[in-house]
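Working notes, beginning with the structure itself.
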Amino acid sequence: MAQHNSTVNMATDTEEGSDYFVREIEKNDGCIFKVNQCYKGDVGCVVWDAAIVLAKYLETKAFYDPASGVNAWVDKDVVELGAGTGVVGLMASALGAQVTVTDLEELQSLLKVNIQENKALISSGSITAKVLKWGEEVSEFLTHPHYVLMADCIYYEQSVVPLVETLKRLAGADTCIICCYEQRTVGVNPKVERRFFQLLQQDFTCEEVPLDKQDPDFNSADIRILHIQRKV
């Protein structure tokens with residue numbers, strides 16, 4: 001995957017400097033997100049390739065083309081699941097969406113740091129961080145959002161059932177779930193992916209986005225983007 005638009009810098013002169021390092025991710029208009037990652041922590045503390053691929057996909061012409069006045073994100077309600085550093089939700093909010101980024105309690109401080117760090121890039125949209133544990137109550141996030149975004153959420157065997165349950169509760173008939181994940185062939189990963197899609201396809205349809213419809217620089221044959229919607 002080409003990644004010439006993203007660089008890694010060390011955080012300095014900040015209160016969090018001993019805990020965080022920064023990855024810069026460039027929007028198509030040249031603005032740059034500064035996304036803090038943690039030196040120590042679980043998988044949610046770093047920016048994964050699938051998150052960058054999904055974030056850049058939100059800027060493709062199918063959704064966002066300033067030259068022709070197309071912007072599918074303006075005023076849309078968006079929920080990101082397993083947001084981690086929040087890079088996908090930050091992109092959606094910078095494009096005009098009303099975004100709620102969600103993750104476990106222990107990721108909230110990192111999400112809030114990144115929202116604060118990048119608030120200057122968010123004008124017409126908005127972004128808020130909230131706790132959401134998969135499989136639990138989602139009434140706080142309803143009415144059904146226009147979009148549910150998720151990047152690299154399919155990896156823990158014990159989380160597959162609650163994740164699908166959360167998708168069933170969140171998604172209405174018109175909700176588009178955009179799922180991006182890296183296919184991994186080691187360990188339990190293939191089994192986890194198969195189980196996820198077996199459960200998902202009982203209630204949802206899946207359509208894969210071909211590589212030529214993704215960002216031309218930020219894509220990979222190993223990273224899949226799917227559009228998922230409730231069966232009619």
Side-chain angles (χ1 to χ4, degrees), residues 1 42-44 46-58 60 62-63 77-85 87-89 92 100-104 106-107 130-214 218-232:
M1 179 177 67
D42 202 354
V43 292
V46 296
V47 178
W48 294 97
D49 287 345
I52 299 176
V53 169
L54 179 52
K56 295 298 293 183
Y57 175 61
L58 305 186
T60 57
F63 298 104
D77 293 322
V78 174
V79 173
E80 184 184 0
L81 299 180
T85 62
V87 62
V88 175
T100 304
V101 286
T102 70
D103 214 311
L104 299 174
E106 53 264 34
L107 271 300
K130 292 186 177 180
V131 175
L132 175 58
K133 186 174 181 181
W134 300 340
E136 295 188 355
E137 183 59 53
V138 300
S139 58
E140 186 179 356
F141 305 92
L142 302 177
T143 55
H144 300 296
H146 297 99
Y147 291 92
V148 173
L149 306 176
M150 44 189 286
D152 252 352
C153 289
I154 312 166
Y155 47 81
Y156 285 142
E157 191 168 6
Q158 64 269 30
S159 71
V160 167
V161 171
L163 175 56
V164 173
E165 187 61 34
T166 293
L167 292 174
K168 286 161 62 176
R169 293 174 181 177
L170 269 180
D174 298 321
T175 299
C176 178
I177 301 165
I178 306 180
C179 170
C180 183
Y181 72 100
E182 183 171 352
Q183 284 191 294
R184 298 176 173 91
T185 58
V186 298
V188 300
N189 287 289
K191 177 184 175 183
V192 171
E193 288 174 20
R194 285 195 302 272
R195 179 63 174 150
F196 173 76
F197 286 108
Q198 285 171 353
L199 290 171
L200 187 76
Q201 289 169 353
Q202 294 174 15
D203 296 278
F204 295 91
T205 61
C206 302
E207 181 180 357
E208 185 162 2
V209 178
L211 290 177
D212 63 4
K213 299 294 185 183
Q214 300 178 31
F218 294 87
N219 68 76
S220 169
D222 295 330
I223 296 176
R224 303 177 68 196
I225 301 178
L226 305 175
H227 284 207
I228 299 167
Q229 293 202 258
R230 273 199 172 278
K231 290 180 177 178
V232 178

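- Atom OG of S220 and atom CG of D49 lie 7.5 Å apart (nearest 0.5 Å).
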Side chain to side chain contact (heavy atoms under 4.5 Å, CB included) evaluation trace for H144 with V79: CA-CA 9 Å; H144 300 296; V79 173; over 6 Å; no
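- L104 has its side chain within reach of K133: a pair of non-hydrogen atoms, C-beta onward, lies under 4.5 Å apart.
- Residues V161 and L199 are in side-chain contact: their nearest non-hydrogen atoms beyond the backbone lie under 4.5 Å apart.
- Using a 4.5 Å heavy-atom cutoff, the side chains of V164 and K168 are in contact.
- The ring-ring contact (aromatic ring centres under 6.0 Å, His included) check on F197 picks up Y181, with sequence neighbours excluded.
- Taking CD1 of I223 as the reference point, atom CZ of R184 lies at 8.0 Å (rounded to 0.5 Å).
- Side-chain N or O atoms of E80 include none that pairs as donor or acceptor with a backbone N or O of L149 at under 3.5 Å.
- Inter-residue side-chain proximity for T205 and I228 is flagged as unmet; no heavy-atom pair is nearer than 4.5 Å.
- Counting only residues at least two apart or on different chains, the side chain to side chain donor-acceptor pair (under 3.5 Å) pairs with a member in residues 186-201 are E157-K191.
- Under a 3.5 Å cut-off, the side chain of D103 and the backbone N or O of A83 do form a donor-acceptor pair.
- In this structure the side chain of L167 reaches within 4.5 angstrom of the side chain of V148, judged on heavy atoms.
- Note that the CG atom of L163 and the SG atom of C179 stand 8.0 Å from one another [nearest 0.5 Å].
- Closest approach of A51 to V88, counting heavy atoms only: O-CG2, 3.4 Å.
- Crowding of Q158 atom CD: a count of heavy atoms from other residues, nucleotides or ligands under 6.0 Å exceeding 12.
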Candidate pair D174 and H146, rule side chain to side chain contact (heavy atoms under 4.5 Å, CB included), full reasoning: CA-CA 7 Å; D174 298 321; H146 297 99; over 6 Å; no
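- With contacts defined as side-chain heavy-atom distances shorter than 4.5 Å, the pair L81/T166 qualifies.
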Full working for side chain to side chain contact (heavy atoms under 4.5 Å, CB included) between T175 and L170: CA-CA 8 Å; T175 299; L170 269 180; over 6 Å; no
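- For the pair C153 and S159, the tightest heavy-atom approach, listed with the atom from each and the gap, is O-OG, 4.4 Å.
- In this structure, the side chain of Q214 engages the main chain of V209 through a donor-acceptor pair within 3.5 Å.
- When side chains are defined from C-beta on, P145 does not count as touching V78, because their heavy atoms never get closer than 4.5 Å.
- Checking side-chain atoms of H227 against main-chain N and O of I178 turns up no donor-acceptor pair under 3.5 Å.
- Here NZ of K231 is found 7.0 Å from CG of D203. Values are rounded to the nearest 0.5 Å.
- No donor-acceptor distance shorter than 3.5 angstrom exists from the side chain of Q229 to the backbone of I177, with no hydrogens or angles considered.
- A donor-acceptor pair under 3.5 Å is absent between the side-chain atoms of T102 and the main chain of L132, judged by distance alone.
- Note that CG of L54 and CZ of F218 are 13.5 Å apart. Values are rounded to the nearest 0.5 Å.
- In this structure, NZ on K213 lies 13.5 Å from CG on N219, to the nearest 0.5 angstrom.
- In this structure a side-chain-to-backbone donor-acceptor pair under 3.5 Å is missing from R230 to C176.
- A donor-acceptor pair under 3.5 Å links the side-chain atoms of R169 to the main chain of E136, judged by distance alone.
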Y57/C180 under side chain to side chain contact (heavy atoms under 4.5 Å, CB included): CA gap, chis, key distance, verdict: CA-CA 10 Å; Y57 175 61; C180 183; over 6 Å; no
